[in-house]
Amino acid sequence: MEPQRPRQRAGLGLASKGGCSQRPRIRNPVERLDRQTFSFHFRNLSFANGRNCSYLCYQVERLKHCSPDSSDWGVFQNRVYPETPCHAELCFLSWFCAKKLSPYEQYHITWFLSWSPCLSCAEQVAAFLKENRNVRLSIFAARLYYFWKPECQHGLRLLHHQRAWVRLMSLRDPLQKQRHAEIRFIDKITSLNLDPNQSYKIICYVTWSPCPTCARELVDFINGQDHLSLQIFASRLYFHWLKLFQRGLQQLQAAQVSVAVMTRSEFEDCWEEFVDNQGMPFESWDKLEQYSESISRRLRKILLPSNWNNLEDSFRDLRLGSPSPSSLRSDSR
């Protein structure tokens with residue numbers, strides 16, 4: 001028996017977007033949803049019959065020196081009036097561009113959506129992100145809108161290509177609980193507005209190598225920026241035995257991002273440049289060189305081109321520094 005599919009969002013068909021491609025009249029958001037509305041419209045059912053309205057809960061952070069300076073939040077609902085129909089995403093953009101957006105600020109916007117964006121909304125949001133490089137957007141959707149239609153899949157890819165973070169909502173949202181240091185680093189470099197006519201070499205020292213999501217974000221960030229070169233030195237490899245995490249490191253290498261393991265030389269440089277050492281010299285710990293060499297061998301195996309498509313044979317050899325079983329339950333770094 002063919003499963004029932006969710007209805008279209010009220011007032012807007014997929015083929016004919018009505019007023020969706022036109023900027024609506026500015027409408028201010030409401031502050032909060034009531035509990036019943038949230039429970040009904042954000043429930044992550046496989047086939048959400050009767051959920052014809054779409055809701056967008058947002059948070060806008062203004063970033064100054066890579067730290068939140070102020071924030072704003074609220075809720076938009078899709079406009080269903082026949083004369084001016086508009087999806088919630090475009091209601092937000094109209095309000096944000098008129099009320100909040102400044103070319104001299106850096107913004108991080110988070111959306112929680114009851115439905116993922118349709119193609120028309122995705123196209124316009126992607127165009128907005130391409131034009132406004134000082135805005136980063138994270139999208140968390142309770143459900144996927146017409147996920148079986150190629151045009152809706154294409155819309156999600158357009159958002160991804162413009163560095164929008166698109167995910168499904170989960171019980172514990174890792175982006176809200178913690179933003180990895182790599183993402184904050186990208187925000188910081190973006191905020192510097194570096195001269196594209198000059199060349200810059202960026203060296204990063206990290207305690208853990210990037211997770212797959214951060215690796216992808218770094219690749220998207222560095223691609224197309226020929227004036228930037230990025231070199232990453234990691235003290236340890238993060239979940240190095242998992243294929244997904246290995247693929248992230250391989251993607252960094254393919255994007256000409258140098259990834260290496262910290263040796264005594266890098267630890268000393270990091271100590272001198274970034275630690276309030278009060279004039280004290282760097283003191284090595286026991287087996288530093290041995291651990292660095294062992295982790296470097298492991299990284300070389302991961303980055304070896306012959307292993308990119310078949311890495312399972314080397315998993316058993318990757319033992320040093322493995323976290324305890326309890327740490328596997330957490331994404332904390």
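Separating the CD atom in Q153 from the CG atom in L144 is a distance of 9.5 Å, to the nearest 0.5 Å. Rounded to the nearest 0.5 angstrom, L299 CG and S292 OG are separated by 11.5 Å. Taking OG of S102 as the reference point, atom CZ of R62 lies at 8.0 Å (rounded to 0.5 Å).
With sequence neighbours excluded, no residue forms a side chain to side chain contact (heavy atoms under 4.5 Å, CB included) with Q256.
Aromatic ring orientation, Y145 versus H87: perpendicular (interplanar angle above 60°, classes split at 30° and 60°). Using bins of under 30°, 30° to 60° and over 60° for the plane-to-plane angle, the ring pair W95/Y58 lands in the tilted bin. Ring geometry, F38 versus F42: the interplanar angle falls under 30°, so the pair is classed parallel (tilted spans 30 to 60°).
Side chains of Q36 and S39: no donor on one and acceptor on the other come within 3.5 Å.
Remark: the backbone N or O of T213 is not paired with any side-chain donor or acceptor of W165 at under 3.5 angstrom. Side-chain atoms of N134 come within 3.5 Å of backbone atoms of E105 as a donor-acceptor pair (strictly under, hydrogens ignored). Side-chain N or O atoms of S114 include one that pairs as donor or acceptor with a backbone N or O of Y55 at under 3.5 Å. At distances below 3.5 Å, not a single donor-acceptor pair connects side-chain atoms of Q59 with backbone N or O atoms of W111.
Under a 4.5 Å side-chain heavy-atom cut-off, the cluster of Ile, Leu, Val, Met, Phe, Trp and Tyr residues that includes F282 is completed by I203, Y205, F233, M262, F267, W271, F274, V275, M280, W285, L288.
Closest of all the heavy-atom pairs between L237 and S209 is CA-OG, 3.4 Å. Summarising the geometry of R264 relative to S284, their closest heavy-atom pair is NH1-CB, 2.8 Å, with the distance given to 0.1 Å. Here the closest heavy-atom approach between residue A122 and residue P117 is recorded as N-CB, 4.2 Å. The shortest heavy-atom contact between I302 and Q250 is O-NE2, 3.0 Å.
In this structure, E289 places its CD atom where more than 12 heavy-atom neighbours from other residues, nucleotides or ligands lie under 6.0 Å away. For R133, the CZ atom is densely surrounded, since the number of other residues' heavy atoms within 6.0 Å is greater than 12. Other residues, nucleotides and ligands contribute over 12 non-hydrogen atoms within 6.0 Å of the CZ atom of R167.
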Counting only pairs under 3.5 Å, give me each side-chain donor-acceptor contact of residues 154-161, with atom names and distances, residues two or more places apart or in other chains.
from, atom 1, to, atom 2, distance (Å)
H161, ND1, R157, O, 3.4

Please table the atom pairs, donor to acceptor, closer than 3.5 Å between any side-chain atom in residues 222-232 and protein atoms at least two apart or in another chain.
from, atom 1, to, atom 2, distance (Å)
N223, ND2, V219, O, 3.3
Q225, NE2, F221, O, 2.6
S229, OG, Y200, O, 3.4

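In terms of hydrophobic clustering, with Ile, Leu, Val, Met, Phe, Trp and Tyr side chains grouped at heavy-atom distances under 4.5 Å, F40 and F140 are assigned to different clusters. Follow the hydrophobic side-chain contacts under 4.5 Å out from L137 and you reach L101 in the same cluster.
Sorted by first and then second residue, the salt bridge (Lys or Arg N to Asp or Glu O under 4.0 Å) pairs involving residues 206-224 (not counting sequence neighbours) are R136-E217. The salt bridge (Lys or Arg N to Asp or Glu O under 4.0 Å) pairs that include a residue from residues 272-283 number zero, where partners must be two or more places apart or lie in different chains.
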